[in-house]
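Worth knowing before you read on, the calculation uses all heavy atoms, side chains too, and leaves out hydrogens, waters and symmetry mates. A, B, ... follow the sequence lines: proteins, then strands. Residue 1 opens every chain. Quick caveat: nothing in here was measured; it's all calculated off a predicted structure.
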Amino acid sequence: MSKNDQSVSKYFTSDPVLNRKRLDAQFYNIPCEELAISLLGKVLVRRLDDGIIVRGRIVETESYLGNEDAASQSFKGKVTPRNEPMFMKPGTAYVYMTYGMYHCFNISSKGDGAAVLLRSLEPLDNLDTMISLRKQFRKCSKTVMMNKDLCNGPAKLCISFGIDIKSCNKQDLTSWDGMWVEEDEKSKLIDTIVCSPRIGIKCEKTWQDKYLRYYVRDNPCVSKIEKTKMNELKYSQIENIK
DNA sequence: CACATGATGGTCT
DNA sequence: GACCATCATGTGT
């Protein structure tokens, strides 16, 4: 761990004796905004082709509501070959290519065309594998890569976890042995969740401004901290969800 | 730290 | 042919 990562050394720790439990179909079968919040603190697990297992705690999500959401690929109920997984059973992986060279990873929720985008993870297990995958992707790697930067963005986490369309799209996270989400004893220790407008979308302003992005306050692995337009969720808003 | 820009190709109109 | 739910790199402060 480099000197600059000392300040965040309380993160990046995964205890192998923690009780781990894979999340089931019932967990995913809830409205999109609730799932986006419920996923915070849970652990994404990926078994790579060579059998190596990487883990990361989910610290940032966004919800895309479907039909009425102008920023959603399934706006107005539009179905295409690409966004079909958004309409599949809750807990289905939706992976798509963006900007010609990156991938984004979503999980479908309850509701037609609704899905949660995973934006950032706190790396936990096998960081060396994540570093290796990120280095392979870069053309020339001069800059030092810090642990907090391994998965702090939707495309970065896909690279670090070996997530692409061919291997992961349309997979059922409740049963597939290549990837799943689990809960451990640290999942509920999250202090504060904040929400903000979603990142990188362009659509009609009312939907662009909606607070549909959620992240763990003060976690160094979150992709972007908004200076304005940030709200703290009241405990009463999330206690029934978590 | 902030901001600007090029890379790169599938998807949809 | 335009549009991207982005990242890496370069320059300037």
Sugar-phosphate, base or nothing in reach of [X], heavy atoms under 4.0 Å:
X: A/Lys202; answer: nothing
X: A/Ser72; answer: nothing
X: A/Arg198; answer: nothing
X: A/Lys78; answer: sugar-phosphate
X: A/Tyr96; answer: base

Which atom pair, heavy atoms only, marks the closest approach of [X] to [Y]?
X: A/Ser167; Y: A/Trp176; value: O-CH2, 3.2 Å
X: A/Met179; Y: A/Leu173; value: O-CD2, 3.7 Å
X: A/Glu182; Y: A/Ser187; value: O-OG, 4.5 Å
X: A/Glu62; Y: A/Tyr64; value: OE1-OH, 2.7 Å

Think [X] has a side-chain N or O under 4.0 angstrom from the OP1 or OP2 of [N]?
X: A/Arg213; N: C/dA5; result: no
X: A/Thr98; N: C/dC4; result: no
X: A/Arg134; N: C/dC7; result: no

Could you work out which one of B/dC12, B/dA7, C/dT9 sits closest to the side chain of A/Arg138?
->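 Selected nucleotide: C/dT9.
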Where the side chain of A/Ile201 is concerned, which of C/dA5, C/dT6, C/dA8 is the nearest nucleotide?
->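 So the nucleotide nearest the side chain must be C/dA5.
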Does any non-hydrogen side-chain atom of A/Val116 lie less than 4.5 Å from one of A/Cys32?
->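 When only atoms from C-beta onward are counted, A/Val116 and A/Cys32 do touch, with a gap below 4.5 Å.
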Find the distance [X]:[atom1] to [N]:[atom2] and express it as a whole number of Å.
X: A/Ile165; N: B/dT11; atom1: CD1; atom2: C1'; value: 10 Å
X: A/Lys76; N: B/dC12; atom1: NZ; atom2: P; value: 16 Å
X: A/His103; N: B/dG10; atom1: NE2; atom2: P; value: 10 Å
X: A/Met97; N: B/dC12; atom1: CE; atom2: C1'; value: 16 Å
X: A/Met101; N: C/dT9; atom1: CE; atom2: C1'; value: 12 Å
X: A/Asn169; N: B/dT11; atom1: CG; atom2: P; value: 10 Å
X: A/Glu84; N: B/dC12; atom1: CD; atom2: P; value: 11 Å
X: A/Lys156; N: C/dT9; atom1: NZ; atom2: P; value: 11 Å

5'-most contact on DNA chain B: A/Asn83 or A/Gly100, nearest heavy atom basis?
->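 Nearer the 5' end of the strand: A/Gly100.
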What do you reckon, do A/Tyr99 and the base of C/dT6 stack, with centroid distance below 5.5 Å and planes below 30°?
->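 According to the criterion (under 5.5 Å, under 30°), yes, A/Tyr99 stacks.
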A/Asp149/A/Lys156 ion pair, N-O < 4.0 Å |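 No salt bridge links A/Asp149 with A/Lys156.
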Scan every strand shown for a Watson-Crick or G-U wobble partner of C/dG10, both distances under 3.5 Å, and answer none if you come up empty.
->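 B/dC3 - that is the nucleotide pairing with C/dG10, both distances being under 3.5 Å.
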Searching all strands shown, indicate the nucleotide that pairs with C/dA5 (Watson-Crick or G-U wobble; both distances under 3.5 Å).
->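 Because no pair has both required distances under 3.5 Å, C/dA5 counts as unpaired.
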Between A/Asp149 and A/Tyr94, who's closer to the 5' end of DNA chain C by nearest nucleotide?
->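 Nearest nucleotide further toward 5': that of A/Tyr94.
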So which one's nearest nucleotide on DNA chain C is more toward 5', A/Ile159 or A/Phe105?
->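 Final value for this comparison: A/Phe105.
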